[in-house]
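Along the sequence shown, the residues carry numbers beginning at 1. Every number for a ligand or one of its atoms is a count from 1 in the order of the listing.
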Amino acid sequence: MTQLLDANSYPNQDEIELYEDGMGYALRMATANGLTFSELARTFASPGHCYIPARASGALALMFGCTPARLQRAFVARYFREGHHTARFLTLEFLRPYHLRQNVPQICPLCIEIYKKAKASWSISIITCCTEHKTQLLDRCGCGRKLSWRRPSIDFCECGSRLASTDQKCQPASWQELEASNQMEFLLGQVRFRLAGSERTLACFDGVTADTFARLVWAFGVVEDDQKRDFPTSSNPISLAQARNNLLNWLAASPRAVRAACDSSTDFRFLLEVAGDARPRNLASTPLDLRPLIDTATYHQAVMRHYRTDNREHHALVDARAYRKGWLAWMAAKNMRSSR
Ligand SMILES: [Zn+2]
Ligand SMILES: [Zn+2]
């Protein structure tokens, strides 16, 4: 750790851009200095982690020579306030941390090609397209892998494809998502200065905070029409009380010990939030971490096979079924190896 933190070991130093994502900066600077993102994550989090915690920003600034405050604001910092999970990003407060998706990166291949940097605005869930290129952001490489910070570099996927328009298909964005993304970028303010044109449909939201806008879009599904990709559909919502009831009933009818499996600790926090104070007794306190499995061919292929039978990715139940098949395939392969 001390050796890794020695600034003299990193000849390539650079400032973080005001529009740049903190995690993206970490990946960019790691690569520039012959390190892998995994090595950084291992130092600051733990093995198998796909991200770097916000508290590491000071040490990273020291290593790679940027202004600590500029890097700190570009990391999503989660904290607990008045009994609720809250997050801070780009100096703004977000009351619903799931409106931030820094650990589940998305990109604009055209921007990556030009800037070779990840934009901080891509870490906001409501932003689903590039307002500069008017194309949809991608959260997957053409090879089917989910994008991860644990990739070889900002502009390459693990499969060897470039994450640029040469190797990735860019789809035009719908006007709805462009409007919503434009408005959100405007509200972020600090990310990229832009004059607000009065012709914008959503200009009536100019006075609200980024957080309020995110919650409004989420609640009313303003961008829903063409945006089934990244948004859980809000056309048929159930109340939290109803969801809690369903979950508790399901757990009560389940075997004596239930362990949730997920590829993000955020998902487990959601589950606990839904369960409420009445934590079911048969639910294990820690989830099974699927992340180490993601990079294995067995797991990946089984998951992709499932998506070929049902392509509603990001639909909670479809994802759950796909991950289950991935896990079963991985377990079967593991048992086969050990019985040999
Ligand atoms: Zn772009
Ligand atoms: Zn790929």
Side-chain angles (χ1 to χ4, degrees), residues 16-21 23-25 27-28 31 36-38 50 74 90 101-186 188 190-194 200 223 226-227 229-230 263 291-308 311 313-314 322 326:
I16 177 171
E17 302 284 352
L18 275 173
Y19 66 77
E20 194 173 4
D21 190 271
M23 210 79 79
Y25 173 82
L27 170 59
R28 171 165 79 84
T31 318
T36 64
F37 189 85
S38 295
C50 303
L90 307 173
R101 48 171 304 160
Q102 194 169 43
N103 296 341
V104 192
Q106 48 179 359
I107 57 155
C108 164
L110 292 148
C111 281
I112 291 271
E113 205 168 312
I114 301 168
Y115 307 109
K116 300 249 184 340
K117 284 166 191 147
K119 288 185 176 173
S121 55
W122 300 341
S123 284
I124 311 249
S125 306
I126 300 300
I127 295 189
T128 58
C129 61
C130 173
T131 51
E132 192 178 334
H133 297 109
K134 307 199 174 2
T135 50
Q136 290 182 340
L137 298 180
L138 303 182
D139 62 356
R140 247 172 221 287
C141 168
C143 73
R145 277 186 182 76
K146 267 192 189 170
L147 290 181
S148 148
W149 294 114
R150 227 168 32 166
R151 56 188 194 249
S153 67
I154 279 283
D155 55 344
F156 273 94
C157 170
E158 237 166 312
C159 71
S161 298
R162 276 197 75 194
L163 296 173
S165 65
T166 45
D167 291 13
Q168 306 294 330
K169 257 200 225 100
C170 298
Q171 304 282 0
S174 71
W175 70 267
Q176 291 99 326
E177 51 184 337
L178 259 174
E179 284 287 341
S181 302
N182 252 318
Q183 182 62 21
M184 183 50 104
E185 283 205 342
F186 170 71
L188 291 176
Q190 297 95 329
V191 177
R192 198 150 51 84
F193 182 74
R194 185 175 70 79
R200 288 177 304 111
V223 291
D226 297 287
Q227 251 314 295
R229 243 170 8 116
D230 282 329
D263 59 2
R291 280 170 303 189
L293 275 56
I294 293 174
D295 292 336
T296 64
T298 315
Y299 178 88
H300 176 72
Q301 280 158 10
V303 168
M304 294 317 289
R305 239 190 333 271
H306 185 78
Y307 285 136
R308 279 197 290 276
N311 65 4
E313 255 184 80
H314 301 300

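Counting only heavy atoms from C-beta outward, the side chains of C170 and L110 approach each other to under 4.5 Å.
With the Zn ion (ligand 1) as vertex, C108 SG and C111 SG subtend 110°, rounded to 10°.
Per residue H133, closest N, O or S atom to the Zn ion (ligand 1): atom name ND1.
Taking every heavy atom of both residues into account, L163 and I154 meet most closely at CD1-O, 3.7 Å. Looking at every heavy atom in both residues, S181 comes nearest to C129 through OG-SG, 3.3 Å.
Counting only protein atoms, the N, O or S atoms lying less than 2.8 Å from the Zn ion (ligand 2) are C141 SG, C143 SG, C157 SG, C159 SG, ordered by chain and residue number.
Under the 3.5 Å distance criterion, with hydrogens and angles disregarded, a donor-acceptor pair is assigned to the side chains of D21 and S123.
With respect to E113 and R162, no salt bridge is recorded, no charged nitrogen being found less than 4.0 Å from a carboxylate O. The residues K119 and E132 are annotated as salt-bridged, a charged nitrogen and a carboxylate oxygen being separated by less than 4.0 angstrom.
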Residue pair K117, Y19: steps toward the side chain to side chain contact (heavy atoms under 4.5 Å, CB included) verdict: CA-CA 9 Å; K117 284 166 191 147; Y19 66 77; 3.6 Å; yes
